[in-house]
S.K.: 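Provided herewith is a single structure, encoded as structure tokens, for subsequent inquiry.
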Amino acid sequence: MDAERRKSLEARTRYDPSEVEKRILERWLEGGYFHPPADGTPAENFSVAIPPPNVTGALHMGHALNGTVQDALIRMKRMEGRNTLWMLGTDHAGIATQAVVERELREEGASRHELGRDAFVERVWAWKERYGSQIVEQYKRLGASCDYERERFTLDEGYVRAVYRVFAQLYEKGLIYRDNYMVNWDVGSHSAISDLEVENRELEDVLYSIDYPVEGTEAVLTVATVRPETMLADTAVAVHPDDERYRELVGGHCILPLVGRRLPIIADERVDPEFGTGALKITPGHDPNDFEIGREHGLEEIVVIGEDGRMTAAAGERFAGMHAQEAQAAVLDALRAEGRLRGEEPYVHSVPFSHRTGERIEPLISLQWFCRMDELAKPAIAAVESDRVRIVPEQHKRVYLDWMGRIRPWCISRQLWWGHRLPVWYGPRETVFVAESEAAAREAAAAAGVDPAELRRDEDVLDTWFSSAIWPFAILGWPEEDALLRAFYPTDFLTTAREILFLWVSRMIMMGLEFVGDVPFDDVYVHSVILAPSGRRMSKSLGTGIDPLDEIGVHGADALRFGLLAMSSTELVRYSADRVQQGEDLANKMWNASRLVLLNAPEVEPAPRAVRLEDRWIVSRLERAIDAVSRSLGSYDFAHAALDFYGFLWSELCDWYLEIVKPRLYDGEPEVAATLLWVLEQTLALAHPMMPFVTEEIYSYLAGAAGGERREMLVVHRFPALDAALVDEDAEREIDAWIKLTRQLRRWRDLVGVAPGSVLSARVAAGEAAAPHELVARLARLSYDGAEGEPLAAFGPVEILASAEVDAERVRRRVQERRETLASEIGRAESKLANQGFVQNAPADVVEEERGKLAAYRAELEELGDH
RNA sequence: GGGCGGUUAGCUCAGUUGGGAGAGCGCCUGCCUUACAAGCAGGAGGUCGUCGGUUCGAGCCCGGCACCGCCCACCA
């Protein structure tokens, strides 16, 4: 290390991430470490496709955790020498992005309709160019080692072609079709949405009972509903086939109040005879359940609520044009006036809302495009059943299989402008042409005898998740360029939050199998959900969000990464600022421990030159840490990886080993310097996947100290692997005993009130090796010189002698306390050993251990008796 | 209505195959010891949600219950 570097290291007594991170990141990017060649095979290589964040997005805690988890594994694999690719990109996020730009327009007093489709889409692109890459820059700040030179976007040219190819092929297979079917209508985005974009909320409503007179009698059928306005679209009343009360009425009719329509009374098993009166009004146009019943019974489908949320002409003159809400009040008034409203009671039930816009879903019959999933699902089910795709933790496997087993058609068309416009063209006489491009559609039309000039393209765009479903192979160049695909598909794992297991993960598996013929990834790791410290969901609107970039600014990226890994042990986890602080402290600890070594070690080649017991001990403990951390990382157990590393670094390396070897280090002993440098290098490499910045920064000094060989950066340093030959159980046992003894001595000193700085007179019992106890003496501040005097206390072979430093009275009290403790321990052990059941049934070694303890207690008590 | 996860120190969480309860933070006592005072040494603090069972022995295994949370579900 040159004098200037040395001076800077001396001066930097505290690790300052803000100064370091930018500089280190630059060097990684310039070095091209994240941009692998498209060589090798998927089996040799290691690859991951990032779950693409929305272009509109800013990095939130979920991204930060997800990114950290991926980066930790990816960095480890890269260090293991694998050709490693982490593909990065963003999602156009249909509704979300369109909503942002629409809001901007509204603020200017304009609207997308005034602008027109082409101008609007252009505007969204402009917005995307301006703000779209901010999240990518934010991933860099986290230290994510993505291939920033291969960034993709779900609407870039090649990607769009891939989407159209997939659509066209599924259409040709008959899996994509157009149908008039009940959909979830999102009044907010004025579009259909899929089942998975609906969230059910518990809501307090009113359940109204309405009398429907039975035709030709005085009787009435009372039905119950929370949406009386939909009665205008009723086309039947249903009862359970076994319901004795109504058996006679089935086949007859009742009269719909206000409207006068004759409603057939039908029998259907889906009616619960226990609920209300057991009679159910059937509204096929506005209720999913009724829709199905209606289709089976061939009932008329009347639509009284339109896509704008207002009542249609079919609702009748009195109500047409009203908002559904107003219509409800009007219908209730009218029913009251006719004496048909029998009752109302408060009623709590779950109601569908749009996940995106938060508006209440209006179930409507609408002409939409659907994708049949059952056939695609079969191989995707098999892939997970056989663990070809492994889902971790395992409990999610069954959830996936359950859901896939009863998968329903997917509504894939959206009435938006921002997205992949359907590659569907309509000609005259209801001709439909699906093609990968407009040119191809024209050709097809011409071939079918349709004038291409008459073609009109479908207005709708595809569900965002339709394009995300092909992410893992589309970003690798499918279908046109296959170099990346051949080298990196299937990818190795996917990390995700549980909530998108169905929305995204399942669909990627289906599409990968269908179009590439292999699953998109081997493992799916479902990571924790980070809650606010209060235990509530982290959300901007609730004000409970914590911005990861703020945390990076205050504590550093390594600290945040460590904190996130350490806290992410279970499914739901509260954000722990303490864990992030712990990470910051750890970075600083590593920094200062490294300063101690680097500023004092002579220039020697790092090597485990374990010349003394304590050296063998730390080398052995390091090997165990290497084993534990790499195992934990390999099995997606990040909390243990982080905390086990912390324990090794802080307690074993810093608190004990560094303290033990300081004198040798200051003396310039080459062997201990070599060992220390080696341990440091291994330790930095071990921590690097979790805390890349601080380790890389320290390594830049170490590489200097270690001589010219180490020109490469730590990011591509060999990841440590367990070397079983360096594990030394004897050394571990021995040093652990010294540590225990030292702690006993310190504790005793404290309890009897010995001043911290004072050195106590002591001696080692005859026949005991003095060497280890020299070390203990230093750590516990004892002196064996001039060992005269009365022994006051004994700890194993070490006896403390009476001196002016020790208050004899407090020692006596302490001894008395110890006697009492021992007596009770002896009692406990004796009664346990007197229990025949224990002695006979417990394993021999457990019994033996207990006997050993008892003997030791008795011996200690006896010894105390002397003083 | 089904399924899943959780309940351990004041707080946030660990506890591998059942053999005397752990960490970080906070708290108390004492130390500016030439890597780090955002540090060091020591300490206090827990009937492991509850009831029952299996066992010589249960935080851990089995069953019931309570509370918290999540996911799925077409009972109006």
Side-chain angles (χ1 to χ4, degrees), chain A residues 9-10 13-15 182 200 207-209 223-227 230 238 270-283 287-293 347 349-350 352 363 393 395-396 398-399 402-403 406 498-499 501-502 529 531 533 535-537 566-567 569-579 581-582 584-585 588-600 639-640 643-644 646-647 650-651 654-655 658-659 662 665-666 742-743 746-751 753 755-757 779-781 825 828-829 832 835-843 845-847 849-850 853:
Chain A
L9 189 56
E10 265 168 11
T13 58
R14 172 130 197 120
Y15 174 67
M182 173 140 295
N200 290 300
L207 184 66
Y208 299 95
S209 307
V223 300
T225 180
V226 289
R227 301 203 59 194
T230 65
R270 274 163 285 203
V271 180
D272 176 8
E274 305 293 315
F275 189 93
T277 60
L280 173 63
K281 75 194 242 334
I282 300 298
T283 320
D287 181 279
N289 190 34
D290 295 3
F291 176 77
E292 281 188 16
I293 293 176
Y347 185 66
H349 65 146
S350 65
Q395 69 249 24
H396 297 294
R398 220 183 79 209
V399 177
D402 284 351
W403 187 80
R406 50 191 167 76
R498 187 177 56 176
E499 61 199 48
L501 201 57
F502 308 139
V529 173
L531 304 174
R536 293 200 298 170
R537 202 164 262 283
M567 70 180 93
S569 51
T570 50
E571 206 159 294
L572 273 138
V573 142
R574 295 177 187 219
Y575 185 79
S576 166
D578 283 347
R579 286 293 186 210
Q581 183 61 50
Q582 196 181 347
E584 183 183 342
D585 293 345
N588 186 53
K589 192 75 174 175
M590 260 195 280
W591 174 253
N592 276 298
S594 304
R595 282 176 65 237
L596 171 69
V597 174
L598 294 170
L599 291 172
N600 293 288
H640 281 105
L643 294 171
D644 284 351
Y646 179 95
W650 203 294
S651 309
C654 292
D655 287 351
L658 292 183
E659 292 305 325
K662 261 182 192 173
L665 178 64
Y666 291 144
T742 304
R743 298 188 66 137
R746 283 173 175 170
R747 180 156 193 250
W748 184 84
R749 288 177 60 113
D750 217 65
L751 286 169
L779 297 172
R781 292 186 188 237
E825 288 299 315
R828 190 195 56 76
K832 197 164 181 180
N835 180 347
Q836 284 307 302
F838 173 72
V839 177
Q840 279 161 22
N841 296 319
D845 58 319
V846 174
V847 177
E849 197 186 322
E850 200 61 39
K853 282 179 195 165

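Scope of the values below: all heavy atoms of this structure, side chains included, with no hydrogens, waters or symmetry mates. Letters go in sequence order (proteins before strands), and every chain restarts at 1.
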S.K.: Round to a whole Å and report the spacing from CG of A/Leu572 to P of B/C68.
M.R.: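 Nearest whole value for this atom pair: 15 Å.
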
S.K.: Can a donor-acceptor pair under 3.5 Å be found between the side-chain atoms of A/Lys853 and the base atoms of B/G20?
M.R.: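 Yes, a donor-acceptor pair under 3.5 Å.
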
S.K.: Please give the distance between the C1' atoms of B/G22 and B/C62 as a whole number of Å.
M.R.: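 The same atom, C1', in both gives a distance of 27 Å.
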
S.K.: Would you mind reading off the distance between A/Leu643 atom CG and B/G24 atom P, rounded to a whole angstrom?
M.R.: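 A/Leu643 atom CG is separated from B/G24 atom P by 10 Å.
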
S.K.: Under 4.0 angstrom, heavy atoms only, what part of the nucleic acid is A/Pro363 near: base, sugar-phosphate, or nothing?
M.R.: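 The answer is nothing, as A/Pro363 stays clear of every strand by at least 4.0 Å.
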
S.K.: Between A/Tyr575 and B/U12, does any side-chain N or O lie under 4.0 Å from OP1 or OP2?
M.R.: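 Checking B/U12 against A/Tyr575, no side-chain N or O comes under 4.0 Å of OP1 or OP2.
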
S.K.: Between A/Arg749 and A/Ala755 (side chain of the first, backbone of the second, donor and acceptor by atom type, cut-off under 3.5 Å), is there such a pair?
M.R.: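 Checking the backbone N and O of A/Ala755 against the side chain of A/Arg749, a donor-acceptor pair under 3.5 Å is found.
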
S.K.: Whole Å only: how far is the CG atom of A/Asp578 from the C1' atom of B/G10?
M.R.: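 One finds 13 Å between C1' of B/G10 and CG of A/Asp578, rounded.
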
S.K.: Taking A/Pro363's backbone N and O only, do any of them form a donor-acceptor pair with A/Asp287's side chain (distance below 3.5 Å, no angle check)?
M.R.: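 Looks like no, no N/O pair under 3.5 Å.
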
S.K.: For A/Val223, report the nucleic acid contact type (base, sugar-phosphate, nothing); a contact means any heavy atom under 4.0 Å.
M.R.: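 No contact at all - A/Val223 keeps every heavy atom at 4.0 Å or more from the nucleic acid.
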
S.K.: Roughly how far apart, to the nearest Å, are B/C11 and B/U33 at atom C1'?
M.R.: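 33 Å, rounded to whole Å.
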
S.K.: In whole angstrom, give the distance that lies between atom CD of A/Glu850 and atom P of B/G19.
M.R.: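 Checked: the CD to P distance equals 14 Å.
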
S.K.: Test A/Glu850 against A/Arg828 for salt bridge (charged side-chain N to carboxylate O under 4.0 Å, His left out), laying out the working first.
M.R.: CA-CA 10 Å; A/Glu850 200 61 39; A/Arg828 190 195 56 76; 3.3 Å; yes

S.K.: B/A14 phosphate, OP1 or OP2: any side-chain N/O from A/Ser569 under 4.0 angstrom?
M.R.: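 Looking at the OP1 and OP2 atoms of B/A14, one of them is under 4.0 Å from a side-chain N or O of A/Ser569.
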
S.K.: So which one's nearest nucleotide on RNA chain B is more toward 5', A/Lys832 or A/Phe275?
M.R.: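 Of the two residues, A/Lys832 wins.
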
S.K.: If the cut-off is 4.0 Å, is A/Arg579 near the phosphate of B/C13, judged by side-chain N/O to OP1 or OP2?
M.R.: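 No, no such contact exists.
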
S.K.: Less than 4.5 Å apart, any side-chain heavy atom of A/Asp585 and any of A/Trp650?
M.R.: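 Of all side-chain heavy-atom pairs linking A/Trp650 with A/Asp585, at least one is under 4.5 Å.
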
S.K.: Heavy atoms under 4.0 Å, any strand shown: does A/Phe291 hit a base, just sugar-phosphate, or nothing?
M.R.: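 The answer is nothing, as A/Phe291 stays clear of every strand by at least 4.0 Å.
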
S.K.: According to a 3.5 Å limit on both distances, what stems of 3 or more consecutive Watson-Crick or G-U pairs are formed with RNA chain B?
M.R.: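 RNA chain B forms these stems: B:1-7 with B:66-72, B:10-13 with B:22-25, B:27-31 with B:39-43, B:49-53 with B:61-65.
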
S.K.: Are the side chains of A/Phe838 and A/Val846 in contact, using a 4.5 Å heavy-atom criterion?
M.R.: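 Yes - at least one pair of side-chain heavy atoms lies under 4.5 Å apart.
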
S.K.: In whole angstroms, how far is the P atom of B/G57 from the CD atom of A/Gln840?
M.R.: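 Taking atom P of B/G57 as the reference, CD of A/Gln840 is at 13 Å.
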
S.K.: What does A/Arg406 touch in the nucleic acid at a heavy-atom separation under 4.0 angstrom: a base, only the sugar-phosphate, or nothing?
M.R.: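 Counting heavy atoms under 4.0 Å across all strands, the contact made by A/Arg406 is with sugar-phosphate only.
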
S.K.: With nearest nucleotide decided by heavy atoms, which residue, A/Ser350 or A/Pro533, maps closer to the 5′ end of RNA chain B?
M.R.: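 Result: A/Pro533.
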
S.K.: How far does the C1' atom of B/G20 sit from the matching atom of B/C4, given to the nearest Å?
M.R.: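 So the two C1' atoms sit 34 Å from each other.
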
S.K.: Looking only at atom C1', what distance separates B/C60 and B/A73, rounded to whole Å?
M.R.: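 Rounded to whole Å, the distance is 34 Å.
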
S.K.: Mind checking if A/Tyr15 touches a base, just sugar-phosphate, or nothing, with heavy atoms under 4.0 Å?
M.R.: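 A/Tyr15: no heavy atom of the nucleic acid under 4.0 Å.
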
S.K.: Would you classify A/Leu280 as touching base, sugar-phosphate or nothing, given that sugar-phosphate means primed atoms plus P, OP1 and OP2, and contacts are heavy atoms under 4.0 Å?
M.R.: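 The answer is base, as A/Leu280 lies within the cut-off (heavy atoms under 4.0 Å) of a base atom.
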
S.K.: Would you say A/His396 places a side-chain N or O within less than 4.0 Å of OP1 or OP2 belonging to B/C71?
M.R.: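 Looking at the OP1 and OP2 atoms of B/C71, neither is under 4.0 Å from any side-chain N or O of A/His396.
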
S.K.: Just the rounded figure in Å: distance from P of B/A14 to CD of A/Glu571.
M.R.: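 Value for this atom pair: 12 Å.
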
S.K.: Please state the C1' separation for the pair B/G26 and B/A66 - nearest whole angstrom.
M.R.: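 Pairwise C1' distance, B/G26 against B/A66, rounds to 30 Å.
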
S.K.: For the P atoms, the ones on B/C71 and on B/A9, what distance do you get once it is rounded to whole angstrom?
M.R.: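 One P to the other, the span is 27 Å.
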
S.K.: Let me know which of A/Val573, A/Leu643, A/Asp578 forms a side chain to side chain contact (heavy atoms under 4.5 Å, CB included) with A/Met567.
M.R.: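 Result for side chain to side chain contact (heavy atoms under 4.5 Å, CB included) with A/Met567: A/Val573.
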
S.K.: Using a 4.0 Å cut-off on protein heavy atoms (strictly under), produce a 5'-to-3' string for nucleotides 35-44 of chain B with B for base contact, S for backbone-only sugar-phosphate contact, and - for none.
M.R.: BB-BSSSSS-

S.K.: What's the gap between B/G19 and B/C36 when it is taken at their P atoms, as a whole Å value?
M.R.: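 42 Å, rounded to whole Å.
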
S.K.: Take atom C1' in B/G10 and the same atom in B/C28, then report the distance between them in whole Å.
M.R.: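 My reading of the C1' atoms in B/G10 and B/C28 gives 14 Å.
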
S.K.: List the residues meeting side-chain hydrogen bond (donor to acceptor under 3.5 Å, both in side chains) with A/His396, not counting sequence neighbours, and say none if there are none.
M.R.: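 Per chain and number, A/His396 pairs via side-chain hydrogen bond (donor to acceptor under 3.5 Å, both in side chains) with no residue.
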
S.K.: Any ion pair linking A/Arg14 and A/Glu584 (charged N to carboxylate O, less than 4.0 Å)?
M.R.: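 Salt bridge flag = yes for A/Arg14 with A/Glu584.
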
S.K.: Mind calculating the distance between CZ (A/Phe838) and C1' (B/C56) to the nearest angstrom?
M.R.: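 Checked: the CZ to C1' distance equals 8 Å.
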
